[in-house]
Number of protein chains: 2
Amino acid sequence: MSAITVLLVDDHLVVRSGLKALLGTQPDIEVVAEASSGEEALTAMKVHSPAVVVMDLAMGPGMDGIEAIRKLRERNRRQAVLVFTTYDSDADIVRAVDAGAMGYLLKDAAPEEIFAAVRGAVQGKSVMSAPVASRLFQQLRNPDEVLTPREAELLSLLTEGLSNRELGQRLFISEATVKTHLAHIYAKLGVETRAAAISTAIRREGMR
Amino acid sequence: MSAITVLLVDDHLVVRSGLKALLGTQPDIEVVAEASSGEEALTAMKVHSPAVVVMDLAMGPGMDGIEAIRKLRERNRRQAVLVFTTYDSDADIVRAVDAGAMGYLLKDAAPEEIFAAVRGAVQGKSVMSAPVASRLFQQLRNPDEVLTPREAELLSLLTEGLSNRELGQRLFISEATVKTHLAHIYAKLGVETRAAAISTAIRREGMR
DNA sequence: AGCGGGATCAGCCAAAAGGCTGAGAGACCA
DNA sequence: TGGTCTCTCAGCCTTTTGGCTGATCCCGCT
């Protein structure tokens, strides 16, 4: 039987090289192409039609990983896309799965985990790293932690370093209301201070 | 002439694997050991005495990269340490150089750049990626805005959302001293509040 | 009609943060 | 030796933030 063909997409040559070396040790897996951007990935896809695409989410300027996944899936739904990234950001996980990713692996995953994910992907199985899975479950169990649109808006401004007064002026609400929203946001994020809120917002929601 | 011996330190197996594959293509460079944490690096150092250490700064829990560099240099100043990391954070650059790093490369560096850095390091030459160098130059032009190593360290912890008290405990200094440092940091960053400091630090320094 | 969630606001109080001035110890350098 | 820089600390005062309770309004759903 023929080997599983794989396309690697990552803007870091070192990471591609490492993945290629790791996957190359498996006789039933073959890396047939590499790409360093979303655009390149789409081209390589047409040329090689790999069975599985292993892709980093963060890819410098240009098309980001999520968008690339969506476009790949639009063109050919048979291809399985595995996300392979450094951070287990809540927002990214949700967006990636929503865009059609079959699996979500972290870069510190064990080689066996990566091999299993690639093999599973071609069979339509979904594989994800333990930390990623636990985050998803936690979100499903605690819908209470989902921010309302207004709260999200406020949090977004908060990450720009505004004071309560400034937030109020920007959103045309009183400082008291700002404080109420903030209290709710802190509770949902599980933090006590605005500094921690900013920090976790940027880290876990990918806000910039 | 014998090959340049190298120790790789990175918590991601994939990255180590990739670096090893890349460096392995060069006849005059030999990867003699790998480590996935600062602690492991110190041990590997004693056993193998490599000429060059290539190390990631961000390494999960435990000893961070900066601390590892400092300890490595304490034990043997002949070893050249090259930082090999994803982000070109101002604060990290200052701290790494202060700790004794010989070079600072980004993970999207070209292979030739990496080879040149390794070869340069054993000859005492300092090599850094273009974005890193330009940051340093910019800082040299505006010395007033350059954070001291201690300030950079504090700012780094600040972005994690700690309070003044926590910062003091973490750094073994009084809260008064923390406030003094913060005042200086705010002045240098051109902000008035800690929230704004965190925000600009993360945006402009690529901190995570 | 009633109920719940979201958004809005107020007041009170304690804790945290920030602005200011001053100052000592140690390192480094001219 | 003197000057400069960095790191350290203290006290005082104002502003900001956070925790708490309670309240009104609107909207959508039952």
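The analysis underlying the following values was restricted to heavy atoms, covering all of them including side chains, and did not include hydrogens, waters or symmetry mates.
- Rounded to whole angstrom, the span from the CD atom of B:E192 across to the P atom of C:dG18 amounts to 11 Å.
- Rounded to a whole Å, the CD1 atom of A:I198 is 13 Å from the C1' atom of D:dT16.
- A salt bridge between B:D56 and B:K107 is present, with a side-chain N of the basic residue lying under 4.0 Å from a carboxylate O of the acidic one.
- Between A:A183 and B:R150, the residue anchored nearer the 5' end of DNA chain D, judged by the nucleotide with its closest heavy atom, is B:R150.
- Five base pairs at each end of the helix from C:dA1-D:dT30 to C:dA30-D:dT1 define two local axes, and these are offset by 40° (rounded to 10°).
- C:dA16 atom C1' lies 14 Å from atom CG of B:L158, rounded to whole Å.
- Following rounding to the nearest Å, A:R165 (CZ) and D:dT17 (C1') show an atom-to-atom distance of 12 Å.
- Straight-line distance from the NE2 atom of A:H184 to the P atom of D:dG19: 11 Å, rounded to whole Å.
- Taking 4.0 angstrom as the limit, A:N164 places a side-chain polar atom (N or O) nearer than this to OP1 or OP2 of D:dT17.
- Between A:I185 atom CD1 and C:dG6 atom P there is a gap of 13 Å when expressed in whole angstrom units.
- Classification of A:E175 and A:K179 as a salt-bridged pair fails, no side-chain N sitting under 4.0 Å from a carboxylate O.
- Rounding to whole angstrom units, CG of residue B:L154 and C1' of D:dC7 are separated by 11 Å.
- Listed candidates were D:dC7, C:dA7, D:dT17. Nearest to the side chain of A:K179 is D:dT17.
- Out of C:dG18, D:dC7, C:dA7, the shortest distance to the side chain of B:Y186 is found at C:dG18.
- At a cut-off of 3.5 Å, with distance as the only test, a side-chain donor of B:S174 or B:T177 sits close to an acceptor on the other residue.
- The separation between B:R194 atom CZ and C:dA15 atom C1' is 13 Å, rounded to whole Å.
- The backbone N or O of B:T159 lies less than 3.5 Å from a partner atom in the side chain of A:S199, making a donor-acceptor pair.
- Of the possible polar contacts, one joining the A:T43 side chain to the A:E39 backbone as a donor-acceptor pair under 3.5 Å is found.
- Side-chain atoms of B:T180 and base atoms of D:dC9 include a donor and an acceptor less than 3.5 Å apart.
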Worksheet item: Checking side-chain contact (heavy atoms from CB on, under 4.5 Å) for the pair B:T200/B:V191: CA distance, chi angles, key distance, verdict?
Response: CA-CA 9 Å; B:T200 64; B:V191 300; 4.0 Å; yes
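- For DNA chain D, none of the residues of residues 167-178 of chain A falls under the heavy-atom distance limit of 4.0 Å.
- Between B:T148 and D:dC7, a side-chain N or O to OP1/OP2 separation shorter than 4.0 Å is present.
- Judged purely by atom type and a 3.5 angstrom limit, B:E166 uses its side chain to pair as donor or acceptor with the backbone of B:S163.
- Remark: side-chain polar atoms of B:E151 are paired, donor with acceptor, to backbone N or O of B:T148 under 3.5 angstrom.
- One finds no salt bridge joining B:E67 and B:R70 here, because no Lys/Arg side-chain nitrogen approaches an Asp/Glu carboxylate oxygen to under 4.0 Å.
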